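Please read the structure below before turning to the comments.
These figures come from a predicted structure and were not determined experimentally.
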Amino acid sequence: MIYAFADALTGQSMATCFTFAMRLFSRVFVILAAISLAGCQNVSYYSQAISGQASLLWNSTLRARLQLVQEIRAYAVDALDLPESKSYQRYTDIGRDFVLWSVVAAREFSIAPELFCFPIVGCVSYHGYFQRSKAEEEAATLRARGLEVSVGPVAAYSTLGWFPDPVLSSVLKYPDPELAGLIFHELSHERVYIKDDTTFNESFASFVERVGVRQWLQSRGQDDALRDYQRRSDQRDRLIALIASTRERLGTVYAMDLPDPKKREQKDQLLNQLRDEYRRLRDLDEVPNWGSWFERDLN
């Protein structure tokens, strides 16, 4: 299972279905406030009527989102030469926000992640678990070996075409460009996958994702959406560059001939500087809101 798209999209414009939901709930609130004056005997009747109507409207919205997925998938095949597999032709409601939890580990004074090796996909830099409790158990085991560990949520993944990947409920809330990008990204893994090279595989899929979304929005004449998507992409690139710069500086510290306590001291200073610079750029709206990530024990 291949890590694809962590749910770091906070502070962005909401998807069509959630805009609709807010309007729906506001109307429901007004109706409930009105019928509450009619007495308890009538509340039960009106409540079931509203619930039924809301269900019909939500199902209509769901159909529209799934229809959009099929349009995106067709564009991926016709315009981007991505595989016409059986992926994203079925819908699965997973009943939670994330489908997987990813475990990444590294030695205390190393910027290279530990590798986990499997028969088909080769060696990758993460473990994926469907249950968070299992991910935390694995994390505890790795920490007991003296490794630093990060556990994070994953909204989607690819089985590289070995199985027909479904459309998951965890991704339908994404804005249209990000939803399209996710599908382009995952289908790219089905087109090209180099065993034992996580960096290349993710870089290739991310490149196809970015170019594909731009072309898709242009083909739909959605210039405003394209500008918004480019702004979000620039914000994300700026933040990743900041993190990468800190990572390189940590690598320099780790390579020095210093006692371990001194390395830990300089490591803490660099991570604190990273947090401070992130907050400054976030307040200027120059980077996305990754607050939940920065609130963790960075390592």
Quiz item: Side chains of Arg65 and Lys173: does their closest heavy-atom pair fall under 4.5 Å?
Solution: no

Exercise. Please say which of Asp276, Asp283, Leu284 ends up in a side chain to side chain contact (heavy atoms under 4.5 Å, CB included) with Arg280.
Key: Leu284

Exercise. Calculate, to the nearest 0.5 Å, the distance between atoms CZ and OG belonging to Arg73 and Ser87 respectively.
Key: 7.5 Å

Self-check item: Donor + acceptor pair across side chains of Asp176, Gln222 (<3.5 Å)
Solution: no

Quiz prompt | Lys/Arg-Asp/Glu bridge criterion (N-O < 4.0 Å) met for Arg214, Glu209 | solution = no

Quiz item: For the residue pair Val151 and Ala135, what are the closest heavy atoms and their distance?
Solution: CG1-CB, 4.1 Å

Practice problem: Please confirm whether the backbone N or O of Val149 pairs with a side-chain atom of Asn299, one donor and one acceptor, at under 3.5 Å? | Solution: yes

Quiz item: Judged by atom type as modelled, is there a donor-acceptor pair below 3.5 Å linking the side chain of Ser245 to the main-chain atoms of Ala241?
Solution: no

Exercise. For the residue pair Tyr75 and Phe184, categorise the inter-ring angle as parallel (less than 30°), tilted (30 to 60°) or perpendicular (more than 60°).
Key: tilted

Quiz item: Can you find a heavy atom in the side chain of Leu172 that is under 4.5 Å from one in the side chain of Val69?
Solution: yes

Quiz prompt | Side chain to side chain, Ile72 and Trp216, heavy atoms closer than 4.5 Å | solution = yes

Exercise. For the pair Glu178 and Arg232, find out whether any cationic side-chain nitrogen is under 4.0 Å from an anionic carboxylate oxygen.
Key: yes

Quiz item: So, Ser158 versus Glu190: side-chain donor-acceptor pair below 3.5 Å or not?
Solution: no

Quiz item: Are Arg231 and Asp234 close enough for a salt bridge, meaning some N to O gap below 4.0 Å?
Solution: no

Self-check item: Spacing of Arg249 atom CZ and Tyr254 atom OH [to the nearest 0.5 Å]
Solution: 12.5 Å

Quiz item: Quick check: does any side chain N or O of Tyr278 sit under 3.5 Å from a backbone N or O of Gly291, one acting as donor and the other as acceptor?
Solution: yes

Quiz item: Should Phe163 and Tyr193 be regarded as members of a common hydrophobic cluster, given that ILVMFWY residues are connected when their side-chain heavy atoms come within less than 4.5 Å of each other, either directly or indirectly?
Solution: yes

Self-check item: Side chains of Pro166 and Tyr91 in contact at under 4.5 Å (non-hydrogen atoms)
Solution: no

Quiz prompt | Backbone of Glu286 reached by a side-chain donor or acceptor of Arg238 within 3.5 Å | solution = yes

Practice problem: Taking only Lys NZ, Arg NE, NH1 and NH2, and the carboxylate oxygens of Asp or Glu, determine whether Asp260 and Lys267 approach each other closer than 4.0 Å. | Solution: no

Quiz item: Does the pair Arg107/Glu114 count as a salt bridge with the N-to-O cut at 4.0 Å?
Solution: yes

Exercise. Could you tell me whether the side chain of Leu217 reaches within less than 4.5 Å of the side chain of Asp223, counting heavy atoms only?
Key: no

Exercise. Quick one: closest heavy-atom pair of Asn201 and Val192, and the distance?
Key: OD1-O, 4.4 Å

Quiz item: Considering residues, nucleotides and ligands other than Gln273, do more than 12 of their heavy atoms fall under 6.0 Å from its CD?
Solution: yes

Quiz item: Rounded to the nearest 0.5 Å, how far apart are CG of Leu142 and CD of Glu137?
Solution: 12.0 Å

Quiz item: Would you find a donor on one side and an acceptor on the other, under 3.5 Å apart, between the side chain of Thr92 and the backbone of Ile94?
Solution: no

Quiz item: Just by distance, do the side chain of Asp93 and the backbone of Leu168 share a donor-acceptor pair under 3.5 Å?
Solution: no

Quiz item: Quick check: does any side chain N or O of Asp196 sit under 3.5 Å from a backbone N or O of Cys123, one acting as donor and the other as acceptor?
Solution: yes

Practice problem: Taking the side chain as every heavy atom from C-beta outward, state whether Ser188 and Leu82 have any pair of such atoms under 4.5 Å apart. | Solution: yes

Practice problem: Answer yes when Lys262 and Asp257 have at least one side-chain N-carboxylate O distance shorter than 4.0 Å, and no when they do not. | Solution: no

Quiz item: Do Lys263's NZ or CZ and the ring of Phe109 fall within the cation-pi criteria of under 6.0 Å and 45°?
Solution: yes

Quiz item: Counting only N and O atoms by type, is there a donor-acceptor contact under 3.5 Å from the side chain of Arg90 to the main-chain atoms of Asp165?
Solution: no

Quiz item: Ser170 and Tyr174: which non-hydrogen atoms are nearest, and at how many Å?
Solution: O-CE2, 4.3 Å

Quiz item: Do Ile243 and Trp290 have side-chain heavy atoms sitting under 4.5 Å apart?
Solution: yes

Exercise. Could you tell me whether the side chain of Arg275 reaches within less than 4.5 Å of the side chain of Leu298, counting heavy atoms only?
Key: yes

Quiz item: Honestly curious: do Phe200 and Val208 fall in one hydrophobic cluster under the side-chain, below-4.5 Å linking rule?
Solution: yes

Quiz item: Looking only at heavy atoms, which two atoms of Phe116 and Ser125 are closest? And how far apart?
Solution: CD1-C, 4.1 Å

Quiz item: How close do Val154 and Ser102 get, heavy atom to heavy atom, and via which atoms?
Solution: CG2-CB, 3.7 Å

Quiz item: Counting only N and O atoms by type, is there a donor-acceptor contact under 3.5 Å from the side chain of Gln70 to the main-chain atoms of Tyr88?
Solution: yes

Quiz prompt | Spacing of CD belonging to Gln269 relative to CG belonging to Leu250, to within rounding of 0.5 Å | solution = 11.5 Å

Quiz prompt | Salt-bridge contact Glu136-Arg132 (side-chain N to carboxylate O under 4.0 Å) | solution = yes

Quiz item: Given the rule that I, L, V, M, F, W and Y join up when any side-chain heavy atoms are under 4.5 Å apart, are Val124 and Leu115 in one cluster?
Solution: no

Quiz item: What is the ring orientation for His127 with Phe118, classed by angle as parallel under 30°, tilted 30 to 60°, or perpendicular over 60°?
Solution: tilted

Quiz item: Applying the side chain to side chain contact (heavy atoms under 4.5 Å, CB included) test to Val287, which of Ile240, Leu281, Leu242, Asp237 qualifies?
Solution: Leu281

Quiz prompt | Distance (rounded to the nearest 0.5 Å) between Ile194 CD1 and Ser203 OG | solution = 12.0 Å

Quiz item: For the residue pair Arg236 and Pro288, what are the closest heavy atoms and their distance?
Solution: N-CD, 3.8 Å

